[in-house]
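Each remark here refers to the structure printed beneath this line.
Chain naming here is simple, since letters A, B, ... match the order of the sequence lines and numbering starts at 1 in each. Not measured: the values here are computed from a predicted model.
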There are 2 protein chains.
Amino acid sequence: MKVISNQLYSGSLKTIVLKLLKEEGPVHGYALTRRVEEITDGKIKLTYGALYPILHKLEQEKAVVTTTGIHNNRTRVYYSLTPKGETVTVSKINELREFIESLQKIIEPQTGLNYA
Amino acid sequence: MKVISNQLYSGSLKTIVLKLLKEEGPVHGYALTRRVEEITDGKIKLTYGALYPILHKLEQEKAVVTTTGIHNNRTRVYYSLTPKGETVTVSKINELREFIESLQKIIEPQTGLNYA
DNA sequence: TGTTATATATAAGTAACTTTAATATACTAT
DNA sequence: ATAGTATATTAAAGTTACTTATATATAACA
């Protein structure tokens, strides 16, 4: 199982977190780390050291709110998007799409129209 | 013209530089910055502050060699890949492809086989 | 009893970047 | 003449989002 170097993906983690919050409703942090691993076959690691600063910053920015619930006798923190967070997520995902397009233009110059 | 946030692409710059060196033979630094801007419609900026540390490090690692030439009465430094650099480039591009695939899995869950 | 999975959080340290500045020639426009 | 833009290379201070390490705690499994 080949792991992608964190240098490559670390800048995308915030967008990934936003996207998962949007798709998978109120989630707790641990679940987010597992989902990323699951979706990417372990190629991208969302560590706690990366995740919690991202979540706390999003909360500060009013893009995310937290609710708490009890699970197995322990308090669990659930994160979800605010309306503002939804808007931020949409624009972040659009940015990520443009990024992917630009990367593809660089690494696969044969694709696309070659009228130049 | 929408610019992609540098946080998103900065980790990919080394791979981008390697790819351009591979495709466009001996090139000087300034030309690399313009090519990236050209290919990505200005969405990705390869600044000198990012470029030269990357080139110097690749040179240290024996992935890149320099030759000099005179252009307009000034010495110009041309960078090109060594055989080792070619190998590094191939594996870096494969890594970037896997990265793009992982991102697509996250942002476009509808694509691909949905047997799960 | 030890290990793995679940679950959250903080903090020191790093490294690749951004920003800024310095230097210099050639060309274009006013 | 002079200012601005394009070409061309480099160094260095500063930032910041991350990595790595650590702490804490319950539940399940072997």
At under 4.0 Å between heavy atoms, what does B:Y78 touch on the DNA or RNA strands: base, sugar-phosphate, or nothing?
-> nothing
Sugar-phosphate only, base, or nothing, as touched by B:G29 at under 4.0 Å among non-hydrogen atoms |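 It contacts sugar-phosphate atoms only.
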Below 4.0 angstrom from OP1 or OP2 of [N], is there any side-chain N or O of [X]?
X	N	answer
A:Y30	C:dT6	yes
A:S10	D:dA17	no
A:Q7	C:dT14	no

Atom-pair distance ([atom1] on [X]; [atom2] on [N]), nearest Å:
X	N	atom1	atom2	result
B:L46	D:dT9	CG	P	12 Å
B:I16	C:dA16	CD1	P	16 Å
B:I44	C:dT18	CD1	C1'	16 Å
A:L8	C:dA16	CG	C1'	13 Å
A:Y48	D:dT24	OH	C1'	13 Å
A:H28	D:dA25	NE2	P	20 Å
A:N6	C:dC17	CG	C1'	14 Å

Got B:V17 and B:V36 here, is their nearest side-chain heavy-atom distance under 4.5 Å?
-> no
State which residues pass side chain to side chain contact (heavy atoms under 4.5 Å, CB included) with B:E95; sequence neighbours excluded, sorted by chain then number.
-> A:I4, A:S5, A:L8, B:K92
For B:S80, which residues count as a side chain to side chain contact (heavy atoms under 4.5 Å, CB included) partner, sequence neighbours excluded?
-> B:P26, B:V65
Ring geometry between A:Y78 and A:H28 (parallel below 30°, tilted from 30 to 60°, perpendicular above 60°) |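 Aromatic pair A:H28/A:Y78 classed perpendicular.
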Mutual orientation of the aromatic rings belonging to B:Y52 and B:Y48 [parallel < 30°, tilted 30-60°, perpendicular > 60°] | tilted
DNA chain C-proximal residues of residues 50-66 of chain B, any heavy atom under 4.0 Å | B:A50, B:I54, B:K57
With DNA chain C as reference, determine whether A:G49 or B:Y9 sits nearer its 5' end, using the nearest nucleotide of each.
->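 Here A:G49 is the residue nearer the 5' end.
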Heavy-atom donor-acceptor pair, B:T82 side chain to B:A63 backbone, under 3.5 Å |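 Side chain of B:T82 to backbone of B:A63, a donor-acceptor pair under 3.5 Å: yes, one is there.
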Using 4.0 Å as the upper bound for N to carboxylate O, is an ion pair formed by A:E101 and A:R97?
-> no
What's the closest nucleotide to the B:T47 side chain, out of C:dT19, C:dT6, C:dA9?
-> C:dT19
